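Remember, it's a predicted structure, so these values are computed and weren't measured experimentally. Chain letters run A, B, ... following the sequence lines, proteins first and then strands; every chain starts at 1.
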There are 2 protein chains.
Amino acid sequence: VAPNARGATVPRVVVLGAGFGGLAVVRGLRRVPVDVLLIDQHNYHLFTPLLYEVASALLNPSEIAHPVRAILRRTPNAEFRLGQVTGVDLAGKAVVVGATRIPFDYLVLAAGSVNNYFDGVSLAERSLALKDLEAALALRNHLLLQFERASATSDPEERKRLLTFAVAGAGPTGIEFAGALSELIGLVLSRDFPRLDLSSVEILLIEASDRILSAFAPGLQRAAMRRIERKGIRILLNAPVRDVGDGVLRLQDGRVIATETVIWTAGVRAAPLAGTLGAPLGRAGRVVVEPTLQVRGHPDAYAIGDVAEIDGYALPLLAPVAIQQGRWAAHNIARQVHGAAAMPFRYRDKGIMATIGRNAAVVQIGPIRVEGFAGWMIWLFVHLLMIVSFRSRLVVLLNWAWDYFLYDRPIRLISRQPR
Amino acid sequence: VAPNARGATVPRVVVLGAGFGGLAVVRGLRRVPVDVLLIDQHNYHLFTPLLYEVASALLNPSEIAHPVRAILRRTPNAEFRLGQVTGVDLAGKAVVVGATRIPFDYLVLAAGSVNNYFDGVSLAERSLALKDLEAALALRNHLLLQFERASATSDPEERKRLLTFAVAGAGPTGIEFAGALSELIGLVLSRDFPRLDLSSVEILLIEASDRILSAFAPGLQRAAMRRIERKGIRILLNAPVRDVGDGVLRLQDGRVIATETVIWTAGVRAAPLAGTLGAPLGRAGRVVVEPTLQVRGHPDAYAIGDVAEIDGYALPLLAPVAIQQGRWAAHNIARQVHGAAAMPFRYRDKGIMATIGRNAAVVQIGPIRVEGFAGWMIWLFVHLLMIVSFRSRLVVLLNWAWDYFLYDRPIRLISRQPR
């Protein structure tokens, strides 16, 4: 191996993003003779599948966010750098962080996705999100504030508007959040606000297409719909959103819903960084990669997870895809370092699942379909196993048990100042 | 009892502030025939003695902040209102929350204290604080960011400045925080930043007077000084602060310290609300009250805790004082409701204590003085007992044990965006 740009004797791999994909790359390169530099705009890895539990006051941020540097203690050839990458120069083999250029021998773009508002300016500006930790905390604050405001007003119309919650998007995120919100209100806030008339509360699940959980089998979709409706959540199908105004949500079909709360879970696109590569982009701004995960025309650059799209071969935007691709990108870089050619990636489908609150989840693993309590047990087990650190697992289990047995959600804090 | 301003048949007691004092009033009025309205600008009660453990990445906000509404479930005659009280009209018997006037029959002002910068504008604007939850989280973010920045720079002078931490004020808060910071750095961050030269780290404890922990006996002061210096913390006595500039802290004696981090723990004054009463104010803007805790000339209004000063009789600004005064105010209101006269308050001294990190604390209870490990065990026990909820006690104990045995502080998250 020739000296690289930094004069070091091993190649430098720069990994952009400390999500599921980026961490899998770093771990996969642990015993490979390379220096790894992992860059992220946050100093933590976020366990995004449980973000909705932070937003619904069940978990603390620290239970789903784990310091990257703590994770990297086990990978001595990897360093971390906190920073916002502003561009990638594929030809010059460098990434740009503010005024600094960081050269690389190999690059892995694992920058993930951001919410896609499909050019809806009012949506982007006025809706709440479940895409990162700040957004989840802002959502928690907002939800609790609506109840404080509703309890302070004597105007029934205002109270109704304050207590109407519209979740746009009936995929797993929207459904898990709507279920958690209905339990937060029915089991916990009902006791915090004993003098507040909760018959004004309405949770709407608004979906543009004609079905919920479109990735699941029709039988599981029907089972999930029954469970959701039994929780008092109203499902509106074929109801694409037009825009969000001051205290109103307008649908394309002209319907107007009086609400202060629109939570957008109805679509994502690739992180904007993907656009700076100058490489061809596919759907939703994703970088088109070869079956080997290499960026076309740039064999030293890989893109994985939500930010990538294998040419002509669509994979779901799931943590297992990002993790498997991260491991594969590490494997291919190791091959390249040793002078071999990169090999094509193959996805092993581990199945999909979504929970609809206590005692109910839908699980689909190959031909296996499980729903109800059994599905929920599988969901609990898989998510607990996946959470990064042992301590978090312990605390998450404690919080879940507390909520399950005592009907309490401990983190009901409005952490910013009310107006 | 005559119908009150709201047409109800029992008098209304308005309590301003859900701190130690305010909650003691609400609990003390539980079986008294009154309606209680508790108002606070936050929806949580804050266990302020452990704020420094949030700032030093050991505890989560939810472990020291407890939702007020959860606490009030046990007091059925009390209601909560989230809001910023902008004024008190003692003559008109009403408090003002924005555009709303809320009438009262009895008032308890328990609004606490805010940092006192003694008109130092640069201090107020540029120093960090340990006075509320937002400030503690901002301090945690700032501390961790300094290390990220120090690890990204190659300029030794800049690194030294980034890693110099000045704590102004050698009272219990300053000392507890400095001790926790030295452990966060030496035991935890040293392993998170293995390539960072930590010989540049300096923690300074800067005190205007000629001694630390002025409320303690001289023997305990000396013991604490030895413990602090053994941790590598440098103590500067007789060193009043002049101002804070861009990357510098200037002392009155002309000394200049290059640092990005000044934490102010060197004085508090009464909450500004005290000034809106039109009642006579004592030192640091505190409301002067009669020995009965009644505001002079307004027998239906009480002031307690950090916001009050008994005429000619100075009490320390401690949680036990606020709690005892809260109970006493409730007792006196109950007497007044039943047509009896208010009685004078008497403080029972429960002692004072401060911890200097693992295995060391100073404790002074009447004639008893304990320091070192035994003092630390007392400190642990008392603080654990005092934490509001059972669940928090469990989680705090878990975090403490985790830190003690594994030398790890789990909450190392920078929860806002870096620049």
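Of the atoms belonging to A:Val188, heavy atoms from both backbone and side chain fall under 4.5 Å from chain B. At a 4.5 Å heavy-atom cutoff, the contact between B:Arg191 and chain A is made by backbone and side-chain atoms alike. Residue contact with chain A, scored on non-hydrogen atoms closer than 4.5 Å, is absent for B:Val97. For a residue to count as touching a neighbouring chain, one of its non-hydrogen atoms must lie under 4.5 Å from one of that chain's; by this rule B:Pro76 touches chain A with the backbone only.
Between A:Glu148 and B:Arg69 a salt bridge is recorded (basic side-chain N to carboxylate O distance below 4.0 Å).
Using cut-offs of 30° and 60° for the angle between ring planes, the B:His383 and B:Phe47 rings count as perpendicular.
Defined by atom type and a distance below 3.5 Å, a donor-acceptor pair is present between the side-chain atoms of A:Lys131 and A:Ser113.
Side-chain contact between B:Leu144 and B:Leu189: present, with at least one pair of heavy atoms (C-beta onward) separated by less than 4.5 Å.
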